[in-house]
Q: 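The structure follows.
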Amino acid sequence: MQDLIIRIAEKAGISEDIARQAASIIINFLAKEGPDSQVGKLLDAIPGARAMVSESGDETSGGGGGLLGGLGNMLGGGSGGAMAAFGQLSNLGLEIGEVQTVAKETLDYSKEQAGEDTVDEIIGSIPGLSQFI
């Protein structure tokens, strides 16, 4: 996980603390909103990801509200969604360009660790998410 944090911090020009919080928001969102089978593969493939999800107090099963749950409602999805996650990222003080960089780096890293098919299936299963990435 530290590799991802450093990568995000360098690419987005933000502190490692903010990078860690931002990565946590995105990973928790994917864990709550994505399909259980693929989320499990993702969490197993990224060192420290399960602990990050556990620290947030959220369950690791998919299809719930989650940190980004509010966006899904706005997009016609579940009890949360991408807009809520975007709001949380913005609340960290990130500007739109930094949010995009954080999301891109987190998803790229996730694909490197868990495989492109796994991450693409998670992304494809979350209504409206593809328009944000």
Q: Do the side chains of L42 and I27 get nearer than 4.5 Å, heavy atoms only?
A: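 Answer no - side chains too far apart.
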Q: Checking side chain to side chain contact (heavy atoms under 4.5 Å, CB included) for the pair I25/L92: CA distance, chi angles, key distance, verdict?
A: CA-CA 10 Å; I25 289 167; L92 293 177; 3.8 Å; yes
Q: Checking D3 now: which residues fulfil salt bridge (Lys or Arg N to Asp or Glu O under 4.0 Å) with it, not counting sequence neighbours?
A: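 D3 satisfies salt bridge (Lys or Arg N to Asp or Glu O under 4.0 Å) with no other residue.
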Q: Can you name the residues that form a side-chain hydrogen bond (donor to acceptor under 3.5 Å, both in side chains) with E116, not counting sequence neighbours?
A: none
Q: Could you pull out all residues at least two apart from E10 that satisfy side-chain hydrogen bond (donor to acceptor under 3.5 Å, both in side chains)?
A: none
Q: Can you name the one residue among T101, I8, I46 that meets side-chain contact (heavy atoms from CB on, under 4.5 Å) with T106?
A: I8
Q: What heavy-atom pair brings N28 and M52 nearest, and what distance separates the two atoms?
A: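 Heavy-atom minimum between the residues: ND2-O, 3.8 Å.
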Q: List the residues meeting side chain to side chain contact (heavy atoms under 4.5 Å, CB included) with D44, not counting sequence neighbours, and say none if there are none.
A: R50
Q: Please name the pair of heavy atoms, one in G34 and one in S125, separated by the smallest distance, quoted to 0.1 Å.
A: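 Taking G34 first and S125 second, the nearest heavy atoms are CA-OG, 3.9 Å.
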Q: Going by the salt bridge (Lys or Arg N to Asp or Glu O under 4.0 Å) test, which pairs reach into residues 98-109, not counting sequence neighbours?
A: R7-E105, K104-D108
Q: How far does CD of E95 sit from CG of L89, to the nearest 0.5 angstrom?
A: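 CG of L89 is found 13.0 Å from CD of E95.
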Q: Once rounded to the nearest 0.5 Å, what's the spacing between atom OG1 of T118 and atom NZ of K41?
A: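 Between T118 OG1 and K41 NZ, I get 5.0 Å after rounding to 0.5 Å.
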Q: Rounded to the nearest 0.5 Å, what separation is found between the CD1 atom of I26 and the OG atom of S110?
A: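 Going from CD1 on I26 over to OG on S110, the span is 8.5 Å.
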Q: Using side-chain hydrogen bond (donor to acceptor under 3.5 Å, both in side chains) as the criterion, list what pairs up with D120, not counting sequence neighbours.
A: K111
Q: Find the distance between NZ (K32) and CD1 (I126) and round it off to the nearest 0.5 Å.
A: 12.0 Å
Q: Determine, stepwise, if the pair I14 / V102 fulfils side chain to side chain contact (heavy atoms under 4.5 Å, CB included).
A: CA-CA 10 Å; I14 59 177; V102 167; 4.1 Å; yes
Q: Can you name the residues that form a side chain to side chain contact (heavy atoms under 4.5 Å, CB included) with S15, not counting sequence neighbours?
A: D17, I18
Q: Quick one: do the E16 and Q2 side chains pair a donor with an acceptor below 3.5 Å?
A: yes
